[in-house]
Undergrad: 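Got a structure for you, written out below as structure tokens; questions coming shortly.
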Amino acid sequence: MSELPGIVVTGASGRMGQMLIRMVQVSDKARLVACVERAGHAWVGRDVGEAMGGAAVGVVVTDDPLEAFAKAQAVVDFTSPAATVQFAALAAQARAVHVIGTTGLEAEHLAKIEAASRHAVIVRAGNMSLGVNLLTRLTRKVAEALDADWDIEIVEAHHRMKVDAPSGTALMLGEAAAAGRGVALADARVSGRDGITGARERGTIGFSAIRGGDIVGEHDVIFAADGERIVLRHIATDRTVFARGALRAAIWGQGKKPGQYDMMDVLGL
Ligand code: NAD
């Protein structure tokens with residue numbers, strides 16, 4: 001039992017955190033060794049099983065990430081960009097695999113994550129599901145096959161609590177479309193049109209975001225030409241698809257060389 005990789009879940013009380021804790025607990029491939037929440041959170045100091053409304057599981061939620069990471073082989077992290085950057089340095093120090101699901105990371109965050117990956121294994125993906133990673137592959141292939149007569153638009157929908165837009169998944173799909181077309185996304189990206197925008201500029205990649213209710217995550221990649229249209233669509237109905245992918249990444253990362261990996265590597269796509 002003790003040979004199973006020990007997992008720390010950060011953001012323990014979050015939507016993804018709770019899902020992950022439940023998944024690790026029933027897994028026969030990993031064990032839960034610690035749970036981290038931000039300082040001052042009501043769960044700190046409580047048994048995580050009880051905090052989630054069930055029986056005690058013998059793991060007390062801490063606000064000390066370094067102490068938690070020191071006992072772990074992997075840190076599974078769905079929190080916020082500021083927390084994730086801090087965790088990347090600490091996970092590298094503890095030589096633990098850092099699985100990053102957090103989205104909304106800006107260039108300054110990514111640079112720090114890159115620096116940490118010189119010393120540790122980091123698996124980062126804007127979406128950890130098998131379906132979306134396959135969709136990313138398909139998007140690139142379709143974009144490779146079509147020229148700029150085909151306008152590319154990415155439409156995403158998420159629950160009302162989501163704080164960043166476009167979603168990490170939409171950006172991942174945009175990167176794949178741009179790579180397929182041989183352009184940089186930064187040069188082609190157009191987000192959130194409003195008002196008198198003028199006609200659509202040829203070759204751009206557009207992003208639109210819908211926010212409402214409890215939508216788990218929906219993404220359409222639209223290739224629209226004169227007289228015809230291709231729509232590639234993924235719908236996530238349950239967060240377990242992300243948690244399952246993240247746990248798989250934590251186990252896959254054991255014994256790998258330091259560096260940054262993504263779910264394509266984990267899934268062998
Ligand atoms: P959430 O708000 O429900 O949970 C985030 C949790 O992180 C909260 O409990 C918060 O208290 C905690 N947190 C914040 N700062 C912290 C710190 N310094 N130390 C410890 N804990 C801290 O959000 P969520 O819906 O669970 O999503 C979290 C992140 O994961 C978002 O960026 C979201 O976009 C992303 N996400 C990614 C995927 C994927 O497959 N990659 C899937 C779903 C969500």
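Just so you know, ligand 1 is whichever comes first in the structure, and atom 1 is the first atom listed for that ligand.
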Undergrad: Each residue besides Met172 in its hydrophobic cluster should be listed here, by chain and number; the cluster joins Ile, Leu, Val, Met, Phe, Trp and Tyr at side-chain heavy-atom distances under 4.5 Å.
TA: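 ILVMFWY cluster around Met172 also holds Val132.
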Undergrad: Are Glu156 and Lys162 ion-paired here, with the side-chain N under 4.0 Å from a carboxylate O?
TA: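 Result for this pair is no, no salt bridge flagged.
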Undergrad: When rounded to the nearest 0.5 angstrom, what distance separates CG in Leu267 from CG in Leu134?
TA: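 So the CG of Leu267 and the CG of Leu134 are separated by 8.0 Å.
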Undergrad: Treating Ile, Leu, Val, Met, Phe, Trp and Tyr as nodes and any side-chain heavy-atom pair under 4.5 angstrom as an edge, say whether Leu247 and Val123 lie in one connected cluster.
TA: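 Looking at the clustering, Val123 is in the same group as Leu247.
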Undergrad: Tabulate distances under 3.5 Å between N/O atoms of ligand 1 and N/O atoms of the protein, writing both atom names on each line.
TA:
residue	atom	partner	partner atom	Å
ligand 1	3 (O)	Arg15	N	2.9
ligand 1	3 (O)	Arg15	NH2	3.4
ligand 1	9 (O)	Ser13	OG	3.0
ligand 1	9 (O)	Gly14	N	3.3
ligand 1	9 (O)	Glu37	OE2	2.6
ligand 1	11 (O)	Glu37	OE1	2.8
ligand 1	11 (O)	Glu37	OE2	3.3
ligand 1	11 (O)	Arg38	NE	3.1
ligand 1	21 (N)	Arg38	N	3.4
ligand 1	25 (O)	Arg15	NE	2.9
ligand 1	25 (O)	Arg15	NH2	3.4
ligand 1	26 (O)	Arg15	N	3.4
ligand 1	26 (O)	Met16	N	2.9
ligand 1	32 (O)	Thr103	N	3.0
ligand 1	32 (O)	Thr103	OG1	3.3
ligand 1	34 (O)	Thr103	OG1	2.6
ligand 1	34 (O)	Lys162	NZ	3.0
ligand 1	40 (O)	Met128	N	2.9
ligand 1	41 (N)	Gly101	O	3.1
ligand 1	41 (N)	Ala125	O	3.0
ligand 1	41 (N)	Gly126	O	3.1

Undergrad: Out of Leu20, Val76, Val9, which one pairs with Leu32 under the side-chain contact (heavy atoms from CB on, under 4.5 Å) rule?
TA: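 Passing option: Val9.
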Undergrad: Do Lys112 and Glu108 sit within salt-bridge range, that is, some charged N less than 4.0 Å from a carboxylate O?
TA: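 A salt bridge is absent here (no side-chain N lies under 4.0 Å from a carboxylate O).
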